[in-house]
Amino acid sequence: MASSRCVVGDGSSRRLAVCSVRDTVPFSSGAQLNAQLENWLAQAQPTGRPARAIIAPHAGYTYCGSCAAHAYKQVDPSITRRVFILGPSHHAPLSRCALSTADIYRTPLYDLRIDQKIYGELWKTGMFERMTIQIDEDEHSIEMHLPYTAKTMESQKDELTIVPVLVGALSDSKEQMYGELFSKYLADPLNLFVISSDFCHWGQRFRYTHYDESQGEIYRSIQHLDKMGMDIIEQLDAVSFNNYLKKYHNTICGRHPIGVLLNAVAELRKSGMNMAFSFLNYAQSSQCKNWEDSSVSYAAGTLMVH
């Protein structure tokens, strides 16, 4: 498995995080990766409205690259200048959110600059921790969105900045607190929010084997379970989404970044902003038919402002 590496400088004082596309087909060059991203994006259809936020998966591109394209197809680089990437922490035990110590995320396509002005604003709130270099190395939930971000924004790469945020295991009240904080950034049409999440992780290796026999095969039960959660997200209802998770314990790894987004939307709705969310694609890594099988689900969707 390829891994990201964070190194200090390259003869300069800049801190770099080097992105490697892990768990995917072997891209021998940036050109090969670029061609594959172009192919997936060409197969996806635009909705006609630019995304203010997207939900997209973070697994290996072999499994979810095609699905993710349906979300990234909705990004309008003529509008967007800054991309917030909210990814769940898979390894570090965080109860808050954390910011990177890097200045640059280096991808196979081109370097992405972290917006230090926005980082400064977030840091001043006292609500954030700093990722260690090791955490930045180990975490893939942000990393896997860097090539797609670079690709969709390549026409504006000289102006583009990113705001990577690692989201910990937040309580409902903390999701609301961070949602309120990020709402002013979500209100700005120059900003795009990328919410990094896979959906159900099913199987004994994930210690999750919920099965509703009335749905037929196991994979259909998984799809039904995911679609229940997706329908609630489309309703932009943070409370109902948390209740759904407490009832079914669906292993949606990006549930906390999703919760932050839903709470940010709720805050903006108080001031009359009209927003709508729509899922555009759903996929599973494999179709589970017996108890020895396992799968991960992926969904791609877009938040639009009317």
Aromatic centroids of Trp40 and Tyr72 separated by under 6.0 Å:
no
Audit row: Leu94, Leu170, side-chain contact (heavy atoms from CB on, under 4.5 Å) steps and yes/no:
CA-CA 8 Å; Leu94 292 174; Leu170 306 181; over 6 Å; no
Ring pair (Phe, Tyr, Trp, His ring centres under 6.0 Å) contacts touching residues 107-134 (sequence neighbours left out):
Phe128-Tyr178
Under the side chain to side chain contact (heavy atoms under 4.5 Å, CB included) test, residues paired with Ala35 that sit two or more places apart
none
I'd like to know whether Asp212 forms a side chain to side chain donor-acceptor pair (under 3.5 Å) with Ser221, so could you lay out the CA-CA distance, the side-chain angles of the two residues, the decisive distance to 0.1 Å, and finally the verdict.
CA-CA 6 Å; Asp212 180 354; Ser221 170; 5.6 Å; no
Report yes if some heavy atom in the side chain of Val163 is under 4.5 Å from a heavy atom in the side chain of Leu86; otherwise report no.
no
Salt bridge (Lys or Arg N to Asp or Glu O under 4.0 Å) contacts touching residues 285-304 (sequence neighbours left out):
none
Does Gly254 offer a backbone N or O that forms a donor-acceptor pair with the side chain of His256 under 3.5 Å?
no
Closest contact, heavy atoms only, Asn263 versus Glu175:
CB-O, 3.6 Å
Just by distance, do the side chain of Arg52 and the backbone of Leu186 share a donor-acceptor pair under 3.5 Å?
yes
Would one find more than 12 heavy atoms of other residues, nucleotides or ligands at under 6.0 Å from atom CZ of Arg113?
yes
In terms of heavy-atom contacts, Ile55 and Ala71 come closest through O-CB, 3.7 Å
With sequence neighbours left out, the residues meeting ring-ring contact (aromatic ring centres under 6.0 Å, His included) with Tyr208 are none
Set of ring-ring contact (aromatic ring centres under 6.0 Å, His included) partners for Tyr185, sequence neighbours left out
Phe84
Of all heavy-atom pairs linking Phe241 and Leu262, the shortest is CB-CD1, 3.9 Å
Test item: Gln74 and Leu280 side chains (from C-beta on) under 4.5 Å apart, heavy atoms:
yes
Filter on salt bridge (Lys or Arg N to Asp or Glu O under 4.0 Å), then keep only pairs touching residues 180-208, sequence neighbours left out; what's left?
none
Which of Tyr219, Tyr211, Trp291 passes ring pair (Phe, Tyr, Trp, His ring centres under 6.0 Å) with Trp202? It is Trp291
Tell me, please, which residues at least two apart from Ser286 pass side chain to side chain contact (heavy atoms under 4.5 Å, CB included).
Ser295
According to ring-ring contact (aromatic ring centres under 6.0 Å, His included), who are the partners of His58, at least two apart in sequence or on a separate chain?
His90, His140
Are any side-chain N or O atoms of Lys73 and backbone N or O atoms of Leu41, one a donor and one an acceptor, separated by less than 3.5 Å?
yes
Validation row: Tyr298, Phe199 side chains within 4.5 angstrom (heavy atoms)
no
Sequence neighbours excluded - salt bridge (Lys or Arg N to Asp or Glu O under 4.0 Å) pairs with any residue from residues 266-276
Glu267-Lys270
Would you say that Thr161 contacts Val83 through its side chain, given a criterion of any heavy-atom pair below 4.5 Å between the two side chains?
no
Please test Glu139 against Ser141 for side chain to side chain donor-acceptor pair (under 3.5 Å), starting from the C-alpha separation and ending with a verdict.
CA-CA 6 Å; Glu139 185 53 64; Ser141 69; 3.2 Å; yes
Return the set of residues passing salt bridge (charged side-chain N to carboxylate O under 4.0 Å, His left out) with Lys151 (not counting sequence neighbours), or none when no residue passes.
Glu38, Glu154
Quick one: ring-ring contact (aromatic ring centres under 6.0 Å, His included) partners of Tyr244, sequence neighbours excluded?
Tyr248
Are any non-hydrogen side-chain atoms of Thr132 and Ile135 less than 4.5 angstrom apart?
yes
Donor-acceptor under 3.5 Å (Ser183 side chain, Ala264 main chain):
no
Pairwise salt bridge (Lys or Arg N to Asp or Glu O under 4.0 Å) hits with a residue in residues 232-249, at least two apart:
Asp172-Lys246
